[in-house]
2 protein chains.
Amino acid sequence: MNPPKPSLELLRGLTDENVLRALMAHDRLTRAEIATRTGISKPTVSESVQRLEEAGLVADTGERTTGRGRVGSYYALSPRLGTALVASITPHGVVAEAVDALGRTHGRVRTDLGADAGQEAAGRALAAAAEELKGRVGGPLRLAVVSAADPVDRATGRLVHLPDAPFLVGALDPPSVLADAVTGPVLVDNDVNWAARAEYEHGCAQGVDDFVYLHLGEGLGCAVVSDGVVRRGHRGLVGEIAHLCTAGPDGQAMAFTEVFAALGLRRPASTAVDVPKLLEVLEGRDAGADRVRAALARAVGGVLSAAVSLADPETVVVGGTWGAHPRMITAVEEHFRRTPRPVPLGAAVLTLPELTGARARAVDEFRSLVVRSARPAAHG
Amino acid sequence: MNPPKPSLELLRGLTDENVLRALMAHDRLTRAEIATRTGISKPTVSESVQRLEEAGLVADTGERTTGRGRVGSYYALSPRLGTALVASITPHGVVAEAVDALGRTHGRVRTDLGADAGQEAAGRALAAAAEELKGRVGGPLRLAVVSAADPVDRATGRLVHLPDAPFLVGALDPPSVLADAVTGPVLVDNDVNWAARAEYEHGCAQGVDDFVYLHLGEGLGCAVVSDGVVRRGHRGLVGEIAHLCTAGPDGQAMAFTEVFAALGLRRPASTAVDVPKLLEVLEGRDAGADRVRAALARAVGGVLSAAVSLADPETVVVGGTWGAHPRMITAVEEHFRRTPRPVPLGAAVLTLPELTGARARAVDEFRSLVVRSARPAAHG
DNA sequence: TCCTTTGGTGAGGACTCCTAACTTGAAATG
DNA sequence: CATTTCAAGTTAGGAGTCCTCACCAAAGGA
């Protein structure tokens, strides 16, 4: 609402931020290089570097320039800044990494979980992975970004069990599980949203500010990217499409998840999609397989009509264990092309996309944490 | 990506912005009052006021303080800043206003259009209204914000005719129609989006950062507010729900607009909803009316399931000629309450909401235009 | 008439950024 | 090996911005 109050302190903070951002983009720079990169004069940069060195944010690497001219000192972000934790939790296991402010990965821990490991095991694995990484990188974990294969409450970061949706990871509260290992905030979101971010930054939706990412796997979900940001909605449940009203096998209206029940494609005693069986059908050659493929295409088409109406995407990206299957893409596209408002359709291209997206967010968040820590007096 | 470069010019610009924003919030202030309101020191404010007066943005009103102490001079935004045009175009006519940077309305013009006036008449009425207002306020129209009762292309501001959707206002290109009367940018969006903004700022969704506004009138539309902003999507067609797949009268899946065809509630030779007939049914007491009401509630319920899945709203606001009808609200709520993810439902409360929303945007936009004009050298 | 009160101005200081010139020390050059 | 070249970094000085503090001016109240 109100513009910031002008002050010389604000100006100095801006100089420090420029210097820090330069050192986040290039791992080591001399003061003269920082000056040319930022466009700030050499004396001002020198002052700022001195301030930041005293504050412990920047350190002389000990390396020196070689070549003609005076020997220069290379500076870099202090290794004592610590790292950020990135973790992905799926029913199959936990993968965790530590990343620094330059976006470099400093370690990776992987824990496989048995089929019915339960949420306690997942929580323990996450906490253990964090401790392991903390020890390995030898510095504090300043924040964490967690991906979970379930809906996440936006306000608390806890996993949410919605009616008639599979609860793959189970009740888990990452912020409290990680409270001991991580000194700062713990950001949690579901894997589909992180995957969408990854496709936006490095994948097939690069630079597309408005798109929808449809995830079709054991669970059914999607992500909505609007104006370049993954939108989460009030509770963080954007994209939980299990109950979206769509067309069933015989043309009757039903919830998306019910379509799989009607087609006999649910896992026994569960609301999760029976992926092996579904893939078998996708490959099938008989008339029954044709009928199921058509029914799936029609059901997905109903979901897409909703996505087009409510998100107006430039493209739709389809991912997930069976969603990205070529025959599925073809079937959906063929159906979708004949609707009143078709949109280009593409298959997701990244592997482990949720980790990529979470990592990108962790780096962003860690960087602004570091920049903020350079201005202790800023209260706005 | 990169923080702004620190410079003394930036600091000065910030002071000027603080002074201007203070004068936008209170129509006349002395320099001492500006200093206390902004928290900036008196000498600095004095310098800034002098600069802004020389630049023609601020003017001595000639009024003087009364009471104890030295007589102070009241300053205000210069009347030569001009005004912003706000206009709403519906099939029934054109309403236009001029607003200044303080948010005060300076004139209102209303032109009724005959039932089949056509788009040329609408365009002429809009241009005439703009000229009339320009003459009446005696200054330039620096920008325009237009509401139109049809989908609007986000990139060009032109109206779009979607298949099987009524084209109420018709082909119209507000930016070119207003090019002569308005010196600056012309922002166009559809009435539903503006209405949602109005309900967000002054209506029943005040401060609710994530909600969906459903408009049920001759046309069918909705607005999605996410993180406090009306989202428009890639082409500006968020909320064009005519083809959203929902449940028909007998439970079969069909496009939302087709439900009205199936119920005989479309206007002859058109895809617009026959509102008088629908209202008659809403009031009806026989079994047929019950059946139609149930069918409408079910169809709207399907749309809401999509809205909940893809936007995760905190509340849903229903407006429009028949959508806000008490019996409609009741019927929809009764149905919606029994779904897996119900959300509080409310009726829209504002009259002429699209004008209110467009006016709010016009004031915002005009204010930042004025602030920008105080920093001629800012290139970022 | 004198005191109080308040808007506005002036002087001076602290601070930030910049340009320009200078210092430094190693590599290139002869 | 002496000299030149070159680039990193420092120093000096100046311009500009904001602030505090003191002061002035003028109207109202005592």
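By convention in this document, chain letters (A, B, ...) are assigned in the order of the sequence lines, proteins followed by strands, and residues within each chain are numbered from 1.
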Next item on the list: Using a heavy-atom cut-off of under 4.0 Å over every strand shown, decide if B:S46 touches base, sugar-phosphate, or nothing.
Entry: sugar-phosphate

Item checked: Spacing between B:E47 atom CD and D:dT17 atom C1', to the nearest angstrom -> 8 Å

Margin query: Under 4.0 Å between a side-chain nitrogen and a carboxylate oxygen: does that hold for A:R154 and B:D209?
Written below: no

Check: Would you say A:T105's side chain and A:G107's backbone share a donor-acceptor pair under 3.5 angstrom?
Finding: no

Margin query: I need the residues from residues 49-65 of chain A with at least one non-hydrogen atom less than 4.0 Å from DNA chain C; give them sorted by number, or say none.
Written below: none

Would you list the protein and nucleotides 24-30 of chain D atom pairs, both N or O, that sit under 3.5 Å from each other?
from	atom 1	to	atom 2	distance (Å)
D:dG28	N2	B:R68	NH2	3.4

Checklist line | Salt-bridge contact B:R37-B:E33 (side-chain N to carboxylate O under 4.0 Å) | finding: no

Next item on the list: Rounded off to whole Å, could you give me the OH-to-C1' distance for the A:Y75 and D:dA8 pair?
Entry: 11 Å

Next item on the list: Answer yes if the side chains of B:E9 and B:S7 hold a donor-acceptor pair under 3.5 Å, and no otherwise.
Entry: no

Item checked: Proximity to the side chain of A:T15 - top-ranked nucleotide from D:dT17, D:dC19, C:dC17 -> C:dC17

Check: Of B:S73 and B:P6, whose nearest nucleotide on DNA chain C comes first from the 5' end?
Finding: B:S73

Next item on the list: Give the intermediate values and the outcome of side chain to side chain contact (heavy atoms under 4.5 Å, CB included) for residues A:Y75 and A:R28.
Entry: CA-CA 5 Å; A:Y75 285 83; A:R28 49 166 222 180; over 6 Å; no

Next item on the list: Verify whether one side chain among A:D60 and A:Y74 offers a donor that lies under 3.5 Å from an acceptor in the other.
Entry: no

Notebook entry, point to check: With a non-hydrogen cut-off below 4.0 angstrom, is A:L8 in contact with a base, only sugar-phosphate, or nothing?
Noted result: base

Note to self: In this structure, how many angstroms lie between the C1' atom of D:dC18 and the CG atom of B:D16, rounded?
What the structure shows: 13 Å

Margin query: Just the rounded figure in Å: distance from P of D:dC19 to CZ of B:R12.
Written below: 15 Å

Notebook entry, point to check: In whole Å, what is the span from the CG atom of B:L11 to the C1' atom of D:dC19?
Noted result: 12 Å

Notebook entry, point to check: Any sub-3.5 Å donor-acceptor pair from B:K42's side-chain atoms to B:R31's backbone N or O?
Noted result: no

Check: CG of B:L10 versus P of C:dC18: gap in Å, rounded?
Finding: 12 Å

Notebook entry, point to check: Between B:R197 and B:D364, is there a side-chain N and carboxylate O pair less than 4.0 Å apart?
Noted result: yes

Next item on the list: Apply side-chain hydrogen bond (donor to acceptor under 3.5 Å, both in side chains) to A:D100 and A:H106, showing your working.
Entry: CA-CA 7 Å; A:D100 64 16; A:H106 279 274; 2.7 Å; yes

Notebook entry, point to check: Tell me: NZ of B:K42 to C1' of C:dT5, nearest whole Å?
Noted result: 11 Å

Check: Any ion pair linking A:D16 and A:R375 (charged N to carboxylate O, less than 4.0 Å)?
Finding: no

Check: Distance-only, no hydrogens or angles: does the A:S48 side chain make a donor-acceptor pair with backbone N or O of A:T44 under 3.5 Å?
Finding: no

Check: Of the residues in residues 28-37 of chain A, which ones touch DNA chain C at a heavy-atom distance under 4.0 Å?
Finding: none

